[in-house]
> 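Just dropping this structure here.
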Amino acid sequence: MTPRDIAEAGRLVRESRYLIAFTGAGISAESGIPVFRGPGGLWRKYRPEDLATPEAFKRNPRLVWEWYRWRMELVFSAKPNPAHKLLARLEEKGILKAVITQNVDCLHRIAGNRRVIELHGSLRRVKCTRCAYKAEIRAPPKEDLPRCPICGSLLRPDVVWFGEPLPEGELREAFLEASKADVVLVIGTSGAVDPAGLIPLYAKKQGAKLINVNPEPNRYTGIADVEARMGAVEFAKKIAIVLGIGEASLG
Ligand code: OAD
Ligand code: ZN
């Protein structure tokens, strides 16, 4: 990434009519939440089919809950970093219209973004495996196997597991936002998981420009109009200067 690329990213953002952001685990990496793929990624240490599928939960709910309790602990103690804050400032200024995220940590909302579409659910919610019960939580459940207060069945984290469909309304809204966007800020995602990973490609097909912020090459490398080969926080600080947002307001 050269200074010209940052300037170009800044120009695209400033001149956009309808800017959206599409984010993944990488935007929260510098908040202390591990990513899934690549160096230090969770899927290098654990097998998704043991922990993040409905079958795994049926087989061994205790193990699945243990893993999720650990991830909930991380998420509950994490704070938004300057990259989350940049997106909140951009929405405040009326430039950013929506954040579409694959993350389950709620850090976009905590940073102050109002228009957040969560495609993969939230670790700050549980839901019943049998009835319609759903609840916000403020801390990981204390019990080994938390149960539904209505029907007594097992509760589970309200996240999307492999083999499960994405929430229909959120998915529809995300594609609608992508169709309206003229610039998409893609931050911290491998793009490896569909259908979410298709969203930037769909936006591009509809004529949007892509800014791809990632220290590593990913699915959008070679397609993106600006390739920002750096961490999310470094990018946020640099583009904040170009946009005159003031680095201090990201602190
Ligand atoms: P991945 O773990 O697949 O990708 C994380 C991306 O972040 C990688 O491309 C890294 O290079 C990049 N990265 C690492 N550190 C970064 C930093 N400091 N700043 C910016 N980028 C950084 O995570 P996702 O793309 O979010 O699914 O994964 C998609 C889905 O796969 C997740 O939502 C999850 C997972 O299995 C479900 O839970 C359904
Ligand atoms: Zn229930």
Side-chain angles (χ1 to χ4, degrees), residues 1 21-54 56 64 67-68 71 75 78 81-84 86-87 99-105 107-108 117-123 126-135 146-167 170-171 174 185-200 211-221 224 227-239:
M1 171 119 204
F22 178 73
T23 66
I27 196 172
S28 297
E30 290 163 89
S31 290
I33 302 174
V35 299
F36 296 96
R37 297 172 186 80
L42 292 172
W43 296 151
R44 290 213 169 162
K45 227 159 109 195
Y46 307 99
R47 289 165 14 119
E49 54 273 36
D50 291 341
L51 297 166
T53 67
V64 172
W67 193 66
Y68 274 95
R71 286 187 56 211
V75 158
N81 67 48
H84 298 104
L86 170 79
L87 298 184
V99 178
I100 302 167
T101 190
Q102 302 161 85
N103 296 348
V104 291
D105 54 32
L107 290 181
H108 288 302
I117 302 168
E118 291 174 332
L119 292 174
H120 290 165
S122 167
L123 283 179
V126 291
K127 66 177 179 187
C128 181
T129 49
R130 195 162 113 207
C131 76
Y133 178 79
K134 215 179 235 212
R147 293 203 169 262
C148 174
I150 310 292
C151 75
S153 302
L154 286 182
L155 290 177
R156 56 167 277 184
D158 189 14
V159 296
V160 175
W161 280 332
F162 285 97
E164 292 184 320
L166 274 59
E170 276 80 354
L171 191 59
L185 198 45
V186 179
I187 309 181
T189 180
S190 61
V193 175
D194 285 345
L198 296 171
I199 288 167
I211 302 168
N212 188 26
V213 183
N214 202 306
E216 306 288 336
N218 65 2
R219 184 179 192 173
Y220 313 110
T221 303
E227 187 77 17
R229 198 56 69 75
M230 60 178 72
V233 169
E234 184 184 351
F235 174 80
K237 289 183 172 169
K238 288 196 165 140
I239 200 161

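Throughout, numbering of the chain's residues begins at 1 and tracks the sequence. Ligands are counted one by one from 1 in listed order, and the atoms in each one are counted from 1 as well.
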> Would you mind checking which non-hydrogen protein atom is closest to atom 19 (N) of ligand 1, with the distance to 0.1 Å?
A232 N, 2.9 Å
> Starting from atom 12 (C) of ligand 1, what is the nearest protein heavy atom, named by residue and atom, and what distance separates them?
N214 OD1, 3.4 Å
> E216 heavy atoms, cut-off 4.0 Å: which ligand 1 atoms fall inside?
11 (O)
> Is there at least one pair of N or O atoms, one from N218 and one from ligand 1, spaced under 3.5 Å apart?
no
> Just checking R130: does its CZ atom have more than 12 heavy atoms from other residues, nucleotides or ligands closer to it than 6.0 angstrom?
no
> Using distance alone, with no hydrogens and no angle criterion, decide if N81 and S31 have a side-chain donor and acceptor under 3.5 Å apart.
yes
> Look only at the side chain of N103 and the backbone of A25, and say whether a donor-acceptor pair between them is shorter than 3.5 Å.
yes
> At a non-hydrogen distance cut-off of under 4.0 Å, which region of W161 contacts ligand 1 (side chain, backbone, both, or neither)?
neither
> Between the side chains of N218 and S190, is a donor N or O closer than 3.5 angstrom to an acceptor N or O?
no
> At a 4.0 Å cut-off, with the gap strictly under it, does some heavy atom of W43 reach an atom of ligand 1?
yes
> Any side-chain to backbone donor/acceptor pair from Y133 onto V126? Under 3.5 Å, distance only.
no
> Could you list which atoms of ligand 1 come closer than 4.0 Å to a heavy atom of T189?
6 (C), 9 (O), 24 (P), 25 (O)
> With respect to M230, determine whether any N or O atom, backbone or side chain, lies less than 3.5 Å from an N or O atom of ligand 1.
no
> Provide, to 0.1 Å, the distance between atom 32 (C) of ligand 1 and the closest protein heavy atom, together with that atom's residue and name.
F36 CE1, 3.6 Å
> If I take atom CG from residue L51 and atom CH2 from residue W67, how far apart are they, to the nearest 0.5 angstrom?
5.5 Å
> Which option, G26, G41, P48, A228, owns the non-hydrogen atom nearest atom 16 (C) of ligand 1?
G26
> What protein heavy atom sits nearest atom 30 (C) of ligand 1, and how far away is it?
V193 CG2, 3.7 Å
> So which protein heavy atom does atom 28 (O) of ligand 1 come closest to, and at what separation?
R37 NH1, 3.3 Å
> Out of all atoms in ligand 1, which are within 4.0 Å of some heavy atom of G24? Include the element for each.
26 (O)
> Please state the angle at the Zn ion (ligand 2) spanned by SG of C148 and SG of C151: what is it, rounded to 10 degrees?
110°
> Is a donor on one side and an acceptor on the other found under 3.5 Å between the side chain of T129 and the backbone of L154?
yes
> Only to 10 degrees, please: what angle do the SG atom of C128 and the SG atom of C131 make about the Zn ion (ligand 2)?
110°
> Which heavy atom of C131 sits nearest a heavy atom of C151, and at what distance?
SG-SG, 3.9 Å
> Taking a cutoff of less than 4.0 Å between a non-hydrogen atom of the residue and any ligand atom, is V160 in contact with ligand 1?
yes
> Nearest heavy-atom pair of W161 and P157: which atoms, and what distance?
CZ2-CD, 4.0 Å
> Which residue supplies the protein heavy atom nearest to atom 29 (C) of ligand 1, what is that atom called, and how far is it?
Q102 OE1, 3.3 Å
> What protein heavy atom sits nearest atom 37 (C) of ligand 1, and how far away is it?
H120 ND1, 3.6 Å
> Might you point out which heavy atoms bring L166 and L119 nearest each other, and give the distance in Å?
CG-O, 3.5 Å
> Taking NZ, NE, NH1 and NH2 as the nitrogens, is one of them in E164 or R156 under 4.0 Å from a carboxylate oxygen of the other?
yes
> Taking the six-membered ring of W43 as reference, does the NZ or CZ atom of R47 fall below 6.0 Å from its centre and within a 45° cone about the axis?
no
> Which of the numbered atoms in ligand 1 are below 4.0 angstrom from a heavy atom of E30?
17 (C), 18 (N), 19 (N)
> How close does the nearest protein non-hydrogen atom get to atom 23 (O) of ligand 1, and which residue and atom is it?
A25 CB, 3.5 Å
> Heavy-atom contacts under 4.0 Å between V35 and ligand 1: side chain, backbone, both, or neither?
both
> Which ligand 1 atoms does F162 reach within 4.0 Å, using its non-hydrogen atoms?
36 (O)
> Please verify whether a non-hydrogen atom of P215 lies at under 4.0 Å from ligand 1.
yes
> State the atoms of ligand 1, each with its element, that fall below the 4.0 Å cut-off from a heavy-atom position in G188.
5 (C), 6 (C), 7 (O), 20 (C), 21 (N)
> Mark yes or no for whether Q102, through its side chain, and T23, through its backbone, hold a donor-acceptor pair below 3.5 Å.
yes
> Under a plain distance cut-off of 3.5 Å, with no hydrogens placed, do H120 and T101 share a side-chain donor-acceptor pair?
no
